[in-house]
Amino acid sequence: MARRFYVTTPIYYVNGVPHLGTAYTTIVADALRRYHLLCGDDTRMLTGTDEHGLKIEREAVAKGISPQVFVDDMSGRFRAAWPELSIEPSDFIRTTEPRHTALVQELWRRVEANGDLYLGEYEDWYCVGCESFKTEKELLPGNLCPLHARPVERLKEKTYFFRLAKYQEPLLRHYEEHPEFIAPEGRRNEVLSFVRGELRDLSVSRTSFTWGIPAPGNPKHVLYVWFDALANYWTALGGEGAPLGCYWPPEGYALHLVGKDILRFHTVYWPAFLLSAKIPLPSRVFAHGFLTIDGQKMSKSLRNAVDPLRLARELGADVLRYQLLRAIAFGQDGDFDHSALLARYNADLGKNVGNLLSRTLGLCGKVTGGKTPAFGAPTQLETDFIEEYTRRVGASRAHWEALEPHRALEEAIGLSSAANQYIDRAAPWAAAKADSPERVGTILATLLEALRGLSVLLWPALPNKMAQMRVQLGITPLAPAVGVDLWPMRFEPRAAGEALAASGPLFPTFDKDAEQALLAKLAPRVDSEKPNVPVVQAAPGTVSYEQFAALDLRVGVVKTCERVVRKDKLLKLTVDLGEPEPRSIVAGLALTFAPEDLLGKRVLVVANLASREFGKGLVSHGMILATGPSEALRLASVPDDVPVGSRLK
RNA sequence: GCCGGAGUAGCUCAGUUGGUUAGAGCGGGCGUUUCAUACGCGCUAGGUCGGGGGUUCGACUCCCUCCUCCGGCACCA
């Protein structure tokens with residue numbers, strides 16, 4: 001009853017290096033891979049890199065190298081990173097590989113043959129500086145490019161469209177018939193409501209850059225990001241009729257792990273492409289949450305500050321894997337907290353599992369000469385413990401099946417706790433003093449078998465540590481094979497007389513000093529960039545939106561400006577706010593600015609401030625915004641091309 | 001604005017189709033053992049289960065409403 005299990009991670013865009021977020025997804029995928037291996041499933045895991053697109057082209061140019069050289073280097077970093085985290089994908093695909101490009105083009109042709117591609121015009125905001133389109137959302141107020149702060153323009157580009165709208169009903173039907181297709185539940189509902197709304201055809205090609213896969217039959221176009229990238233899950237298996245095709249439905253079970261930010265692409269666009277190409281859909285798309293780090297959002301600077309490889313080198317890959325799998329409810333947002341990591345390591349692994357191994361082997365060394373004792377007549381204690389063992393081993397398995405690694409591991413630790421309870425109740429040291437070797441043997445044999453089971457249950461998360469544990473237990477390394485179920489569902493104590501090989505603490509704990517030292521070493525240091533604004537909560541002096549909105553802030557241009565006699569600080573100016581007549585404003589700018597400095601300048605004005613009388617008929621109808629000491633003011637400003645009278649918001 | 005999720009012990013969270021004294025882990029407190037990595041085991045938290053109202057013999061669990069947080073969509077004051 002070996003299943004064919006195929007798990008994928010997103011392919012990572014090579015404009016960055018592996019960070020904790022990408023490591024997280026990939027570690028979960030690897031843990032699932034290992035779990036399925038243990039079950040005897042025919043298992044396959046895929047990860048890789050996404051290497052096309054304008055950003056890459058641009059970055060390579062900026063570095064003065066060819067895109068290919070650039071992506072070779074970047075992709076290599078991802079490929080090299082995973083083994084350091086004990087991640088062993090079956091395959092690593094790059095979107096620049098011929099095996100991918102050829103099959104993506106085939107996919108394109110199939111979609112085209114199905115009548116789902118048409119040439120049209122894509123119209124949106126375009127920044128000449130970027131040479132790329134911007135969505136409305138990206139733009140700064142006043143239709144400015146967020147990168148260049150210059151106005152974008154409306155532009156049209158020839159592009160192929162995919163008839164996404166056509167697949168609204170088929171998609172909804174598929175969601176309906178396969179409720180497990182999108183998980184978790186909450187995410188499924190989001191997608192559902194999105195698809196129930198209006199689906200617009202999707203632009204799937206570009207002509208404004210060349211670093212991509214040429215569209216078959218029209219090489220002026222390159223395939224646009226999603227059509228190219230999503231296909232990797234399928235192209236990596238070699239396409240239709242290839243030997244690896246058996247990992248794809250209907251024969252295989254294909255699971256895509258994705259971040260919740262790219263859920264839609266995987267549950268709407270990708271299935272639609274496949275429906276069009278008449279290829280079976282993947283079995284399930286599971287969206288996990290985002291990580292915060294020590295309670296802080298993973299900003300760019302934090303991303304780089306928390307390097308999973310550095311953590312792995314410092315603590316061992318297993319410890320990092322364990323924390324990510326155990327501390328974060330898969331599917332929900334989670335926090336990666338450094339001190340919680342150390343605390344959990346000490347508690348779960350050191351004190352619970354590690355000490356259990358240590359005391360068991362210690363007793364064996366003293367009482368049985370470092371060999372496995374015989375399992376004799378069980379008492380109620382053994383019967384109860386074995387019952388709990390069986391229950392937890394089964395529960396752990398069920399949780400892996402349900403994509404709940406945090407719970408699967410919780411069960412494993414619970415089993416270790418139960419063994420610690422059992423050893424206290426059974427008190428083999430007392431039995432040894434009472435000179436009842438058979439009883440001691442039975443107790444120790446029970447514990448050794450529990451530890452053997454643990455070495456399997458924890459292996460998906462802690463492959464290296466569990467390998468070491470098995471060495472100490474004197475058993476062979478786990479050697480998963482297709483069709484062989486290694487999950488320790490049955491409690492079967494070993495034969496007597498086998499050699500054990502205790503060799504000291506498996507999980508040496510950190511004392512307070514060591515913890516402090518590690519935290520100091522590992523904690524992300526980003527304070528320089530953001531002076532750790534601790535509380536940005538609503539302070540007593542906050543204003544409501546309504547209060548804020550009551551302000552009329554406008555862009556104006558200074559038309560006239562003159563000193564005010566006997567008022568050294570004041571300038572009297574008239575400012576054009578786009579109103580019929582320029583406003584007369586009195587402002588305390590004179591210590592910094594000479595009147596001629598300000599002529600023609602753009603300024604920001606509070607336009608609905610109550611008028612103020614300065615005497616001698618001098619009245620100010622507004623306030624000019626500035627910052628700094630009186631003698632070194634800086635005017636709040638906007639670029640010169642912002643129309644006069646524009647309101648700020 | 002619409003839709004969805006969440007708000008349970010100091011922290012992280014479980015809580016099945018409503019029913020005796022609301023749970024776990026960690027932390028804290030107390031006790032205890034000595035085989036063990038100063039480890040383990042036992043006991044302990046008296047928490048208005050976000051607020052208010054309702055249904056019911058009885059609600060954390062059902063309904064209404066309000067507040068806060070988060071997410072999706074819409075919109076951009």
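Below, chain A is the first sequence line, B the second, and so on; all start at residue 1.
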For this session: With the side chain of Asn355(A) defined as its heavy atoms from C-beta on, choose the nearest nucleotide among G71(B), A36(B), U37(B).
Result: A36(B)
For this session: By nearest nucleotide on RNA chain B, pick out whichever of Leu363(A) and Glu410(A) is the more 5' one.
Result: Glu410(A)
For this session: Sort by first number and list every stem of RNA chain B: at least 3 consecutive Watson-Crick or G-U wobble pairs, both distances under 3.5 Å.
Result: B:1-7 with B:67-73, B:10-13 with B:23-26, B:28-32 with B:40-44, B:50-54 with B:62-66
For this session: Validate the cation-pi geometry between Arg264(A) and Phe194(A): distance from NZ or CZ to the six-membered ring centre under 6.0 Å, angle to the ring axis within 45°.
Result: yes
Problem set entry | Any side-chain heavy-atom pair of Val367(A) and Pro437(A) under 4.5 Å | no
Seminar exercise, completed: side-chain contact (heavy atoms from CB on, under 4.5 Å) filter on Ser193(A), not counting sequence neighbours, yields none
Problem set entry | Candidates U37(B), C35(B), C26(B) - which lies nearest the side chain of Ala347(A) | C26(B)
Problem set entry | Pairwise C1' distance, A24(B) and G58(B) [rounded to whole Å] | 26 Å
Exercise. Is any side-chain heavy atom of Phe162(A) closer than 4.5 Å to a side-chain heavy atom of Tyr167(A)?
Worked result: yes
Problem set entry | Counterpart residues, ring-ring contact (aromatic ring centres under 6.0 Å, His included), relative to Tyr175(A) (two or more places apart) | none
For this session: Would you indicate what Leu361(A) reaches in the nucleic acid, counting non-hydrogen atoms under 4.0 angstrom: base, sugar-phosphate, or nothing?
Result: nothing
Please output the side-chain donor-acceptor pairs of residues 409-416 of chain A that fall under 3.5 Å, not counting sequence neighbours, one pair per line with the distance.
| residue | atom | partner | partner atom | Å |
| --- | --- | --- | --- | --- |
| Glu411(A) | OE1 | Arg392(A) | NH1 | 3.0 |
| Ser416(A) | OG | Asn352(A) | O | 3.4 |
| Ser416(A) | OG | Asn352(A) | OD1 | 2.7 |

For this session: Identify whether the distance between the nearest side-chain nitrogen and carboxylate oxygen of Arg359(A) and Asp424(A) falls below 4.0 Å.
Result: yes
Exercise. Should the pair Lys512(A)-Glu515(A) be classified as a salt bridge under the 4.0 Å nitrogen-to-oxygen rule?
Worked result: no
Exercise. Phosphate oxygens OP1/OP2 of G25(B): is one of them under 4.0 Å from a side-chain N or O of Arg326(A)?
Worked result: no
Problem set entry | Glu169(A) and Arg196(A): CA distance, side-chain angles, deciding distance, salt bridge (charged side-chain N to carboxylate O under 4.0 Å, His left out) verdict | CA-CA 9 Å; Glu169(A) 283 310 316; Arg196(A) 284 188 184 126; over 6 Å; no
Which pairs, protein N/O on one side and nucleotides 8-16 of chain B N/O on the other, fall under 3.5 Å?
none

Exercise. With respect to the phosphate group of C35(B), does any side-chain polar atom (N or O) of Lys366(A) fall under 4.0 Å of OP1 or OP2?
Worked result: no
Output a table of nitrogen or oxygen pairs between the protein and nucleotides 41-44 of chain B separated by less than 3.5 Å.
| residue | atom | partner | partner atom | Å |
| --- | --- | --- | --- | --- |
| C41(B) | O4' | Asp424(A) | OD2 | 3.0 |

Exercise. Does a nitrogen or oxygen in the side chain of Lys433(A) sit under 4.0 Å from OP1 or OP2 of C35(B)?
Worked result: yes
Exercise. Is the closest basic N to carboxylate O distance between Lys521(A) and Glu314(A) below 4.0 Å?
Worked result: yes
Exercise. Do Asp333(A) and Lys260(A) meet the salt-bridge criterion of a basic N to acidic O distance under 4.0 Å?
Worked result: yes
For this session: For U33(B) and A38(B), measure between their C1' atoms and round to the nearest Å.
Result: 14 Å
